[in-house]
Amino acid sequence: MAENTDTATLTIKGKTYELPMHSPTGGPDVIDIRKLYGQADVFTYDPGFTSTAACDSTITFIDGDKGELLHRGYPIDQLASKSHYLEVCYLLLYGELPSAEQLEEFECLVTNHTMIHEQMHNFFRGFRRDAHPMATMVGVVGAMSAFYHDSTDINDAHQREVASIRLIAKMPTIAAMAYKYSVGQPFVYPRNDLDYAANFLHMCFSVPAEQYNVNPILSRAMDRIFTLHADHEQNASTSTVRLASSSGANPFACIAAGIACLWGPAHGGANQACLEMLKEIGTPDRIPEFIARAKDKNDSYRLMGFGHRVYKNFDPRATVMKESADEVLDLLGVENNPILQVAKELEKQALADPYFAEKKLFPNVDFYSGIILEAMGFPTSMFTPIFALARTVGWISQWKEQLADPQLKIGRPRQLYLGEMARDYVDIEKR
Ligand code: SDX
């Protein structure tokens with residue numbers, strides 16, 4: 001933590017408290033309130049944690065005003081154009097870009113752990129065919145702790161490493177199996193001669209009845225989607241993983257908790273919700289009606305795929321994602337896709353509207369990822385599982401970082417209590 005001799009002075013009921021401050025390498029200074037309750041018998045109040053740093057971290061940095069996203073200091077646009085997902089995984093996990101030898105060893109390790117225990121296939125068969133794939137993923141990932149006992153001891157560095165590789169390697173297999181189960185097709189085993197993204201497309205779209213060749217433009221776009229979703233500071237699902245891990249829960253349980261949180265439409269479920277919104281709009285002439293609803297104070301309706309808690313000018317991932325969307329749609333000859341027409345017109349009208357300008361609302365990463373996935377042939381129900389697959393390395397990296405923190409203690413927020421104080425029980429005949 002960077003040394004900072006500044007202090008924050010707080011005066012409460014005539015008594016003054018000096019609180020230490022810490023300076024980050026990027027972002028706002030922080031006021032250290034760890035001793036405030038003990039000294040002044042007061043809590044701080046910050047529902048939604050809009051002004052609260054819950055931890056220190058060296059993994060990812062976002063500058064919301066500049067629209068900057070750094071992974072271990074490397075800008076996301078450079079990683080998206082020059083790197084690839086497994087190299088970004090190595091960077092997030094170990095802090096530095098790998099040498100050619102380190103990368104080859106890491107990719108070989110991941111590739112050779114992509115199969116899941118054969119008996120886990122039975123888990124899928126316990127779900128209805130129309131179960132949402134996110135429900136399946138929460139269940140199957142949580143159940144991994146029942147099969148991989150030799151990588152659940154969080155106090156053993158080797159077991160933490162094995163669990164990390166297993167989760168990164170097996171998430172595409174589990175996500176693809178959830179998809180195949182939902183469409184009634186047989187599971188497709190991973191192939192070690194394919195790269196990570198191509199393997200995922202193969203497991204999703206190949207069928208035993210015919211040869212399936214992965215289109216390199218689609219696998220490149222898939223890999224880029226994985227990279228753009230890899231990590232994002234202390235977002236809701238990452239904070240969930242950290243809180244679950246603070247109790248000592250095993251890695252599979254923590255990642256299952258992260259998947260559950262990501263499912264929500266305000267978070268990772270936004271890409272599915274965004275496509276469903278575009279389909280509901282249907283034609284460009286209906287866009288004003290939906291924009292009016294999003295602006296109506298008396299209507300809780302929001303434009304899915306717009307806005308962000310941290311980015312207040314643009315989401316740098318959306319900029320890169322938009323380029324991929326154009327490439328994929330040109331390749332697939334669906335640039336005239338009616339959904340894409342609605343998306344492009346909605347973006348144009350929303351960005352020209354003063355409401356969105358003054359509230360700094362713009363397309364986020366989910367606005368374009370859904371369009372690409374739709375064009376690739378994924379059902380909207382698979383959009384968030386793909387987000388979860390990609391974010392697993394971020395969750396794991398943050399999980400490992402927290403476990404290595406000597407100050408780690410169980411997360412246990414307090415509250416502003418507004419309920420009844422002690423009162424005596426009233427017998428039912430007297431109520
Ligand atoms: C992700 O945290 C992360 O990093 C998340 C993520 C990641 O990589 O992990 O980036 C992934 O979750 C991206 C966001 C995906 N969600 C959506 O697209 C859903 C739609 N967006 C909104 O739900 C909303 O913008 C949030 C949840 C993303 C952010 O909400 P905030 O920061 O809590 O902002 P807010 O709800 O306080 O809104 C501020 C104002 C409000 O108006 P006022 O009450 O001030 O009058 O902006 C309005 C809101 O009504 N507003 C919107 C809007 N989003 C905010 N109005 C219309 N449409 C929207 N989408």
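Counting starts at 1 for both ligands and their atoms, following the listed order.
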Classify the angle between the aromatic ring planes of His229 and Phe387 as parallel (below 30°), tilted (30 to 60°) or perpendicular (above 60°). perpendicular
Tyr196 vs Phe226 aromatic rings, parallel, tilted or perpendicular, using cut-offs 30° and 60°?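 Tyr196 and Phe226: perpendicular rings.
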Under 3.5 Å, is there a donor-acceptor pair between the [X] and [Y] side chains?
X: Asp29; Y: Ser23; result: yes
X: Glu345; Y: Gln349; result: yes
X: Glu374; Y: Thr380; result: no
X: Thr238; Y: Gln234; result: no
X: Gln398; Y: Asp231; result: yes

Sorted by chain and number, sequence neighbours left out, side chain to side chain contact (heavy atoms under 4.5 Å, CB included) with Ser182 holds for Tyr179
Has Arg414 got its NZ or CZ under 6.0 Å from the middle of the six-membered ring of Phe43, at an angle within 45 degrees of the ring axis? no
Give a yes or no on whether [atom] lies under 4.0 Å from any heavy atom of the protein.
atom: atom 39 (C) of ligand 1; answer: no
atom: atom 31 (P) of ligand 1; answer: yes
atom: atom 55 (C) of ligand 1; answer: yes

Tell me the protein heavy atom at minimum distance from [atom], and give that distance in Å.
atom: atom 47 (O) of ligand 1; value: Lys359 CD, 3.6 Å
atom: atom 49 (C) of ligand 1; value: Arg302 NH2, 3.2 Å
atom: atom 52 (C) of ligand 1; value: Leu361 CD1, 3.4 Å

Need the ligand 1 atom indices (1-based, order shown) with element for anything under 4.0 Å from a heavy-atom of [X].
X: Asn364; answer: 14 (C), 15 (C), 17 (C), 18 (O)
X: Gly305; answer: 17 (C), 18 (O)
X: Ala270; answer: 15 (C), 16 (N), 17 (C), 18 (O)
X: Asn235; answer: 2 (O), 3 (C), 4 (O), 9 (O)
X: Asp366; answer: 1 (C), 13 (C), 14 (C), 15 (C)
X: Arg309; answer: 29 (C), 31 (P), 32 (O), 33 (O)
X: Pro265; answer: 19 (C)

Less than 4.0 angstrom from a charged side-chain N to a carboxylate O is my criterion; do Arg220 and Asp223 meet it? yes
Less than 4.0 angstrom from a charged side-chain N to a carboxylate O is my criterion; do Asp77 and Lys82 meet it? no
Does the N or O separation between Phe306 and ligand 1 drop below 3.5 Å for any pair?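 Yes - when backbone and side-chain N and O of Phe306 are compared with those of ligand 1, one distance drops under 3.5 Å.
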Work out whether the distance between some heavy atom of Leu303 and some atom of ligand 1 is less than 4.0 Å.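 It does; at least one heavy atom falls under 4.0 Å.
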Below 4.0 Å, non-hydrogen atoms only: which portion of [X] touches ligand 1? Side chain, backbone, both or neither.
X: His229; value: neither
X: Tyr355; value: side chain
X: Lys295; value: neither

